[in-house]
Number of protein chains: 2
Amino acid sequence: MSKPIKPTESELEILQVLWSKNKATVREVHETLSEHKDSGYTTTLKLMQIMFEKGLVKRDDSNKTHIYQANVSKESTQKQLVGKMVNALFGGSATELVMQALGNNKHSSAELEEIQKLLDNLKNK
Amino acid sequence: MSKPIKPTESELEILQVLWSKNKATVREVHETLSEHKDSGYTTTLKLMQIMFEKGLVKRDDSNKTHIYQANVSKESTQKQLVGKMVNALFGGSATELVMQALGNNKHSSAELEEIQKLLDNLKNK
DNA sequence: CTCATAATACGATTTATTTCGTAAGCAATT
DNA sequence: AATTGCTTACGAAATAAATCGTATTATGAG
């Protein structure tokens, strides 16, 4: 079985940035985060150092300014956390989660089509 | 707008029990939780007292043994937290979450049918 | 009434998470 | 060489969460 990935709230925010940028410096991550929250630069730095120790990110420190990169995939993290949520909130029923998420509008008809396709696919298994 | 419900991990476990039983004593909640985790009775008690102060649960303390009940609905809590997860992990796309959850097998054909129905319904809107 | 049992209250400790201040290094500029 | 401006390292404080121990009180059995 794979190692349990358990990023905290703040670590998740940082991972988000790394996933979207692929590689980034602390400064870049911090700038991005600053748009939404306001904590100091060293806070972001410290968090990323801790994440490095935990193995959540890797980094190239051959230059003075280190370059960070996520070391856990977005997909496995999503899978992990969605699973946890299904257990914690939907009594283990992924179906219930799907229903809830579907019910929350915000889906274009193109998206609904896409879901439909996946669904058909599953039904013919 | 509605108040931001933000139960912690442990509080969520307790809410789960309360939602399923409707009403319950600390003892009952604790017994149920004990099946999965092992912390002391007073820990559960303390948590429920804190939840009471926060307004997450209500209680009838007219008798020595207090009767607790959730004071936030399962639905609104789910909505709240799923929304948060969609933002934190799926860049705001609820559709992506649905796809991820669907991909994770664990759905009976009856469940798939149910989802299908909901989907058709949404498409005809 | 007295004792045992089970419940609540509550302070305190432990552990996890977030935040920041300060020191020290390096590089470009003056 | 000194100054300035970033950068990392790192300890430590602040905050939040979970856990537990002990005191107290109510209630029913004897």
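A note on names: the letters A, B, ... follow the listed sequences, proteins ahead of strands, and every chain is numbered from 1.
Distance CG (A:L33) to P (C:dT19): 10 Å, rounded to an integer number of Å. The distance between atom CG of A:L47 and atom P of C:dT19, rounded to the nearest whole Å, is 7 Å. A straight line from CG of A:N63 to P of D:dT7 spans 13 Å, rounded to a whole angstrom. Rounding to whole angstrom units, CD1 of residue A:I67 and C1' of D:dC6 are separated by 14 Å. Atom CE of A:M48 is separated from atom P of C:dT19 by 15 Å (rounded to the nearest Å). Distance B:I50 CD1 to D:dA16 C1': 10 Å, rounded to the nearest Å. Whole-Å rounding puts the A:M51 CE to D:dT8 P distance at 15 Å. A:K37 has its NZ atom 15 Å from the P atom of D:dT15, to the nearest Å.
A salt bridge is absent between B:K23 and B:E28: the closest approach of a Lys/Arg side-chain nitrogen to an acidic carboxylate oxygen does not fall below 4.0 angstrom.
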May I have the list of side-chain donor-acceptor pairs in residues 52-67 of chain A shorter than 3.5 Å, sequence neighbours left out?
unit_1, atom_1, unit_2, atom_2, d
A:K54, NZ, A:E11, OE1, 3.3
A:K54, NZ, A:E11, OE2, 2.8
A:R59, NH1, A:Y68, OH, 2.9
A:D60, OD1, A:S62, N, 2.8
A:D60, OD1, A:S62, OG, 2.7

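Paired with A:H30 under the rule side chain to side chain donor-acceptor pair (under 3.5 Å), one option of A:T44, A:T42, A:T25, A:T43 passes, and it is A:T44.
Proximity note for A:E9 (side chain, C-beta onward) versus D:dT19, C:dT18, C:dC20: the nearest is C:dT18.
When every heavy atom of B:M85 is checked against every heavy atom of A:L81, the shortest pair comes out as CE-O, 3.5 Å. Pairing each heavy atom of B:M48 with each of B:V29, the nearest pair is CE-CG2, 3.8 Å. When all heavy atoms of A:Q100 and B:E75 are compared, the pair lying nearest together is NE2-O, 4.0 Å.
Remark: nothing in residues 11-24 of chain A comes within less than 4.0 Å of DNA chain D through any heavy atom.
A continuous path of ILVMFWY side-chain contacts below 4.5 Å connects B:L112 to B:M99, so both sit in one hydrophobic cluster.
Judged by distance alone, with hydrogens and angles left aside, the side-chain atoms of B:S93 form no donor-acceptor pair with the main-chain N or O of B:F90 at under 3.5 Å. With hydrogens and angles ignored, the 3.5 Å screen pairs no side-chain donor or acceptor of A:Q116 with any backbone N or O of B:L119.
Within the 4.0 angstrom heavy-atom criterion, base atoms lie near B:T43.
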Spell out protein contact along nucleotides 4-15 of chain C as letters: B when the base is contacted, S when just the sugar-phosphate is, - when no protein heavy atom is under 4.0 Å; keep the 5' to 3' order. --BBBBBB----
